[in-house]
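Reading through the structure tokens given below for one structure.
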Amino acid sequence: MTIKELMNITKSISLFQEAQTLFPGGVNSPVRAFRAVGEQPLFIERGEGPYLFDVDGNRYIDYVLSWGPLITGHAHPDVVKAIQEAALMGTSYGAPSPLEIELAKSIMEFMPNIEMIRFVNSGTEATMSALRLARAYTKREKIIKFDGCYHGHADMLLVQAGSGVATLGLPDSPGVPSAVASDTLVAQFNDLESVEALFKKYPDQIAGLIVEPVAGNMGVVPPLPGFLEGLRKLATEHATLLIFDEVMTGFRVHKGGAQTLYNIKPDLTTLGKVIGGGLPVGAYGGKKEIMQMVAPLGPMYQAGTLSGNPLAMSAGIAALSLIRGEEVWRKLEQAVVKLEAGVASASKQAGIPIQQTRVGTMFTTFFSETKPVGWNTVKVADKVQFGKFFQKMLENGVYLAPSQFEAGFISTLHTDEIIDKTIEAVTESFRTW
Ligand SMILES: *Cc1c(COP(=O)(O)O)cnc(C)c1O
């Protein structure tokens with residue numbers, strides 16, 4: 001069965017037909033097309049708190065939350081007000097504004113390890129720039145990334161990548177020059193030996209080691225004890241920069257990101273998603289000594305027409321101020337733990353084996369009997385079972401990421417009542433398996 005046959009989504013169907021004549025695959029980002037789970041995406045009319053409403057008037061509890069950014073839910077009044085007030089003052093200046101200082105200081109309060117920062121417009125720009133910086137600083141060319149980790153779509157990072165690349169089962173993307181890809185070395189997540197082997201093979205050639213400290217783009221895979229510590233030690237020994245890509249984990253696994261949760265100091269950090277409060281923002285930052293390489297202070301060039309955009313800065317400031325308190329995090333944690341327990345008990349009753357992973361407000365339910373510790377143990381998950389679960393949840397009013405290899409997210413507006421409703425949907429989905 002496909003979503004088309006199961007649900008009343010007439011308007012989405014006709015919009016998708018038109019969209020396919022306009023956009024490749026009908027979408028502006030690949031995983032949105034629902035290819036792995038039903039061949040028909042929903043077209044969304046609006047978001048409100050924990051809910052999404054499609055153009056046919058169906059309401060869903062949303063666990064995608066724009067793929068992570070909306071930690072305060074859809075259209076939070078404070079965020080909307082901040083954007084409205086900013087818009088009245090002009091939508092872009094192409095000149096510095098005090099809002100940039102305010103958001104930077106707010107981020108640094110959460111992540112004191114960041115001494116200097118540069119705002120960009122997306123996570124892709126942030127990781128791309130951080131790698132250029134690592135190369136400029138170390139005067140080396142090679143980088144190490146991990147199989148199944150996703151860092152945006154820049155050429156040198158589209159090698160054995162997670163997220164949509166993994167979901168669609170694509171080989172490494174055509175169009176990436178082989179000369180560029182050959183400088184990208186790939187290690188296995190949670191496998192320090194695979195990293196050591198690369199350092200041995202390419203002595204004094206590795207500029208940066210980039211990692212999602214909690215992998216989120218192959219589904220959530222937490223670091224095993226000692227893994228991040230080991231990376232820190234190896235990077236230091238080999239004078240390679242350790243880059244934590246916290247575009248997803250920043251303000252998701254802990255209010256201070258993975259670097260605070262695991263108490264590891266990366267040399268550079270990349271951010272995005274939550275820091276824009278639902279508007280397009282990215283950032284990279286870290287040690288002053290390294291960031292001083294960036295133009296105009298230093299020689300490494302990187303620029304952006306809309307970087308530090310006042311609307312985006314205002315939305316980010318409002319969102320971060322809503323998640324500053326301890327109480328908010330206690331509630332978020334409580335909600336997600338309850339959800340996890342509900343899913344566990346429903347699947348157990350139905351006799352369907354699953355593996356649940358979670359760190360902070362990010363989680364995944366893998367249909368698998370194998371504990372996920374890296375891409376090799378993740379990719380064995382049963383995608384057919386997941387597709388069935390996805391469709392049943394959608395029918396029962398819950399919108400999950402349309403792929404087995406993505407993280408789920410909750411917001412501060414996923415109240416107890418919302419979680420209860422979700423658990424009912426899970427129970428009903430498994431009951432009618
Ligand atoms: C989403 C994501 C990116 C890319 O960010 P975009 O804003 O989509 O360009 C990079 N790294 C990680 C870890 C991400 O989750």
Side-chain angles (χ1 to χ4, degrees), residues 27-32 63-71 111 118-132 134 143-167 173 184 189 208-223 228 231 242-254 257-259 261 266 268-285 302 304 306-307 309 312 315-316 319 357 359-364 375 378 401-403 405-409:
V27 290
N28 286 298
S29 194
V31 187
R32 292 182 196 169
Y63 288 92
V64 180
L65 295 169
S66 189
W67 302 89
L70 302 178
I71 198 165
M111 291 182 174
R118 167 63 60 85
F119 285 116
V120 291
N121 303 293
S122 68
T124 294
E125 266 191 70
T127 56
M128 186 178 83
S129 309
L131 286 180
R132 183 182 303 147
I143 59 148
I144 297 177
K145 77 173 282 290
F146 291 91
D147 197 1
C149 282
Y150 178 71
H151 305 287
H153 66 85
D155 279 349
M156 68 274 189
L157 287 164
L158 269 192
V159 178
Q160 296 184 29
S163 191
V165 188
T167 298
S173 178
T184 303
F189 193 76
L209 173 58
I210 187 165
V211 65
E212 291 180 72
V214 174
N217 285 290
M218 52 177 139
V220 173
V221 180
L228 297 176
L231 294 184
L242 178 64
I243 305 166
F244 270 11
D245 181 358
E246 299 228 45
V247 169
M248 186 186 290
T249 55
F251 314 101
R252 269 286 168 199
V253 297
H254 181 278
Q259 52 197 275
L261 180 62
L268 292 174
T269 300
T270 53
L271 296 169
K273 299 199 167 113
V274 168
I275 64 162
L279 268 69
V281 187
Y284 62 103
Q302 181 274 309
L306 293 173
S307 294
N309 176 268
T357 53
V359 182
T361 66
M362 279 164 55
F363 57 91
T364 301
W375 180 239
V378 160
S403 163
F405 307 122
E406 298 286 354
F409 303 99

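Atom set for the values below is all heavy atoms of this structure, side chains included, hydrogens, waters and symmetry mates excluded. As the structure lists them, so they are numbered: ligands from 1, and atoms in each ligand from 1.
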Check: Side chains of Arg132 and Gln302: is there a donor and an acceptor less than 3.5 Å apart?
Finding: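 Checked: Arg132/Gln302 side chains show no N/O donor-acceptor pair below 3.5 Å.
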Show which atoms of ligand 1 fall inside a sub-4.0 Å distance from at least one heavy-atom site of [X].
X	value
Gly152	3 (C), 4 (C), 10 (C)
Tyr150	11 (N), 12 (C), 13 (C)
His151	10 (C), 11 (N)
Glu212	13 (C)
Ser122	7 (O), 9 (O)

Next item on the list: List the steps, then state whether side chain to side chain contact (heavy atoms under 4.5 Å, CB included) holds for Val378 with Phe189.
Entry: CA-CA 11 Å; Val378 160; Phe189 193 76; over 6 Å; no
Margin query: Treating Thr364 as the side-chain partner and Val220 as the backbone partner, does any N or O pair qualify as donor plus acceptor under 3.5 Å?
Written below: yes
Check: Counting only N and O atoms by type, is there a donor-acceptor contact under 3.5 Å from the side chain of Thr361 to the main-chain atoms of Arg252?
Finding: yes
Nearest protein heavy-atom contact for [atom]: which residue, which atom, what distance?
atom	value
atom 2 (C) of ligand 1	Lys273 NZ, 2.6 Å
atom 3 (C) of ligand 1	Val247 CG1, 3.7 Å
atom 7 (O) of ligand 1	Gly123 N, 2.8 Å
atom 11 (N) of ligand 1	Asp245 OD2, 2.6 Å
atom 8 (O) of ligand 1	Thr124 OG1, 4.5 Å

Note to self: Which heavy atom of Asp245 sits nearest to which heavy atom of His151, and what is that distance?
What the structure shows: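 That closest heavy-atom pairing would be OD2-ND1, 2.7 Å.
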Note to self: To the closest 0.5 Å, what do you measure between CG (Asn309) and CZ (Phe119)?
What the structure shows: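 Reported value, rounded in 0.5 Å steps: 11.5 Å.
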Next item on the list: To the nearest 0.5 angstrom, please state how far the CG atom of Leu157 sits from the OG1 atom of Thr184.
Entry: 6.5 Å
Note to self: Between His254 and Gln259, is there a side-chain heavy-atom distance shorter than 4.5 Å?
What the structure shows: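 Gln259 does not reach His254 side chain to side chain.
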Item checked: Region of Asn217 that comes within reach of ligand 1 [heavy atoms, distance under 4.0 Å] ->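 Side chain only.
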